[in-house]
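One structure is given below, encoded as C-alpha cells.
The basis for the numbers below is simple: all heavy atoms, side chains too, and nothing from hydrogens, waters or symmetry mates. Heads up: numbering here begins at 1 and tracks the sequence. Every value quoted in this text rests on a predicted model; they were computed, and no experiment measured them.
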Amino acid sequence: MELLGFMTAEDLMPIVVFIAIVAATFMLMTAISKRNSQAEERLERIGRPKSLAELELNEKESQNRFKTIKERLSKFGQTVDPQSDLEKNALRVKLANAGFRSENAAAIYQGLRIASLLVFLVPATLFFVTAMGFTKSAGYWIVAFGAIGFYLPQIVLSLLRSSRQMEIFLTLPDALDLLVVCVESGLGLDAAMRKVTDEMKNHAKVMTEELSLANLQLQMGRPRREVLHDLGVRTGVDDVRSLAAILIQADRFGSSIAQALRVQSDSMRTKRRQIAEEKAAKTAVKLIFPLVLLIFPAVFVVLVGPAAIQIYRQLLSKTPGG
C-alpha cells in the first residue's frame with residue numbers, strides 16, 4: 001500500500017516507531033522528574049522550615065530562572081536527570097573528576113546532551129528525508145546521527161576527565177615529595193599543603209587547585225577526615241585516594257604524619273618504576289606490527305629488488321629470441 005505516492009507503510013514503520021519511543025521516553029522522564037521534585041520539596045519544607053529571607057531569595061531566583069543560557073540548560077536537563085541517589089552521586093563524581101563542581105553541573109550536562117541530540121537529529125532528519133524520502137535507510141541514518149549527538153557530550157566528558165586525572169597523576173609525585181620535606185621540617189599538614197600550593201601553582205595548576213580547595217575547607221572548620229576523603233573522591237585518582245586514606249588513618253590513630261607520607265612516597269615511587277618497566281617490556285610486542293607491515297616490506301624491496309631485476313634480465317637474455 002503506497003502513501004503519498006512514494007512511500008509505503010512498511011517504509012514508514014521505523015520512523016513512526018522511533019518517534020513514538022522518543023515521545024514516550026520524554027513524557028516518562030518529565031513525569032518522574034515532577035513527582036520526585038515535588039516529594040523533595042515537601043520533605044525539605046517539613047524537615048527545615050525556611051526563613052522569610054530564604055523564601056524571598058528563592059522567589060527572586062525563580063523569577064530570574066530563564067534569563068541566562070546556563071539556567072535554561074539546567075531546567076531543560078532536569079527531564080532526563082538521574083533520579084536515584086546512586087545515579088546522581090555517580091554523575092556528580094564524574095563531573096567533579098572533570099573539574100565541574102557546581103551544584104547545577106549535572107542538570108546542565110543533561111541539558112547539553114539533549115541540546116546536542118537536537119542539533120544532530122533535526123538537520124539529519126531534514127537532510128535525509130529530503131534526499132531519500134521516508135525509507136528505511138533514511139530512518140537508520142537519522143537514528144545513527146541522533147545517537148552520535150546524544151553520546152557526544154559523554155565522550156567529551158570522558159576525555160576531559162581522563163586528561164585531568166592524568167595531569168594529577170603526573171604532578172602528584174612532585175607535590176608529595178615537597179609535602180614530605182615540609183612536614184619533616186616541622187610544618188603541620190595544613191601549613192605544608194599551603195606551602196605546596198604556593199610553590200607549585202605555576203606548573204601544577206590542577207593539583208594546586210584541589211589542594212587549595214582542601215585548605216579552604218579546613219579553614220572553614222570541616223573535619224580533616226571529611227576533607228581528605230572528598231579530595232580523593234573529587235580527583236578520582238587511585239594514588240590520591242590511597243594518600244587520603246593513609247593521612248586519615250594517621251590522624252585517627254595519632255601516628256606520625258611525616259612517616260606516613262614517607263611510606264606513601266616510597267610506595268608511589270616503586271609503583272611508577274614498575275609501570276615504567278611494564279611499558280618498556282611491552283615495547284617489543286608493540287613494535288612487531290609496524291615492523292611487519294611498514295618497515296620489513298620497504299627493507300625487502302631495497303635488498304631484494306636489485307637482485308630480482310638482475311635475475312629477470314638474465315632469464316630474458318637466455319630465452320630464445322631474447
Taking a hydrophobic cluster as the set of Ile, Leu, Val, Met, Phe, Trp and Tyr residues connected by side-chain heavy atoms closer than 4.5 Å, whether directly or through intermediates, do L176 and I246 fall within one such cluster?
-> no
Would a distance-only check, ignoring hydrogens and angles, find a side-chain to backbone donor-acceptor pair under 3.5 Å from S185 to C182?
-> yes
What closest approach, in Å, do A192 and L187 show between heavy atoms, and which atom pair accounts for it?
-> N-CB, 4.3 Å
Hey, are R269 and D266 close enough for a salt bridge, meaning a charged N less than 4.0 Å from a carboxylate O?
-> yes
Knowing that exactly one of F127, F128, F150, Y140 qualifies, which makes a ring-ring contact (aromatic ring centres under 6.0 Å, His included) with F145?
-> F128
For I108 and F100, what are the C-alpha separation, side-chain angles and deciding distance, and is it a side-chain contact (heavy atoms from CB on, under 4.5 Å)?
-> CA-CA 10 Å; I108 293 172; F100 305 103; over 6 Å; no
Is there a salt bridge (Lys or Arg N to Asp or Glu O under 4.0 Å) between E278 and K282 once you walk through the steps?
-> CA-CA 6 Å; E278 181 183 359; K282 291 180 179 178; 3.3 Å; yes
Interatomic distance, L179 atom CG to L247 atom CG [nearest 0.5 angstrom] = 7.5 Å
Count the heavy atoms of every other residue, nucleotide or ligand shown that sit under 6.0 Å from CD of E103, and state whether that count exceeds 12.
-> no
Please report the shortest heavy-atom distance between L228 and A244, naming the atom on each side.
-> O-CB, 3.2 Å
Cluster overlap I168 with L95, hydrophobic side-chain contacts below 4.5 Å = no
Would you name the heavy atoms of A258 and E184 that are closest together and state the gap between them?
-> CB-CG, 3.9 Å
Enclosure of R313 CZ (heavy-atom neighbours >12, cutoff 6.0 Å) = no
Spacing of M166 atom CE and R161 atom CZ [to the nearest 0.5 Å] = 12.5 Å
Note, M207 side chain near D174 side chain (heavy atom, < 4.5 Å) = no
Nearest heavy-atom approach of R92 to A106 is CG-CB, 4.4 Å
Report the distance from atom CZ of R101 to atom CD of E210, rounding to the nearest 0.5 Å.
-> 5.0 Å
To the nearest 0.5 Å, tell me how far R225 CZ sits from D251 CG.
-> 10.0 Å
Pair L261-L243, side-chain contact (heavy atoms from CB on, under 4.5 Å): steps then yes or no | CA-CA 8 Å; L261 290 174; L243 175 62; 3.7 Å; yes
For the atom pair CG (L211) and OG1 (T235), what is the distance rounded to the nearest 0.5 Å?
-> 10.0 Å
Answer with yes or no whether the hydrophobic clustering places L160 together with V206; edges join I, L, V, M, F, W, Y residues whose side-chain heavy atoms lie under 4.5 Å apart.
-> no
Criterion side-chain contact (heavy atoms from CB on, under 4.5 Å) on T208 and V196, from CA distance to verdict | CA-CA 8 Å; T208 55; V196 171; 5.7 Å; no
Cluster check V143, L126: I/L/V/M/F/W/Y, side chain < 4.5 angstrom = no
Report yes or no: does S158 contribute a side-chain atom to a donor-acceptor pair with the main-chain N or O of Q154 at less than 3.5 Å?
-> yes
Could you check L218 against R224 for side-chain contact (heavy atoms from CB on, under 4.5 Å), going step by step and ending with a plain yes or no?
-> CA-CA 6 Å; L218 288 173; R224 181 179 294 177; 4.0 Å; yes
Closest non-hydrogen atom pair between R234 and N97, with its separation | O-ND2, 2.6 Å
What's the spacing between D238 CG and M268 CE if we round to 0.5 Å?
-> 11.0 Å
R272/D239 ion pair, N-O < 4.0 Å = yes
Looking at A250 and S256, what are the two nearest heavy atoms and their distance?
-> CB-O, 4.5 Å
Does T197 reach the main-chain N or O of M193 with its side chain, forming a donor-acceptor pair under 3.5 Å?
-> yes
Mind checking whether I142 and I148 sit in one hydrophobic cluster, side chains of I, L, V, M, F, W, Y counted as touching below 4.5 Å?
-> yes
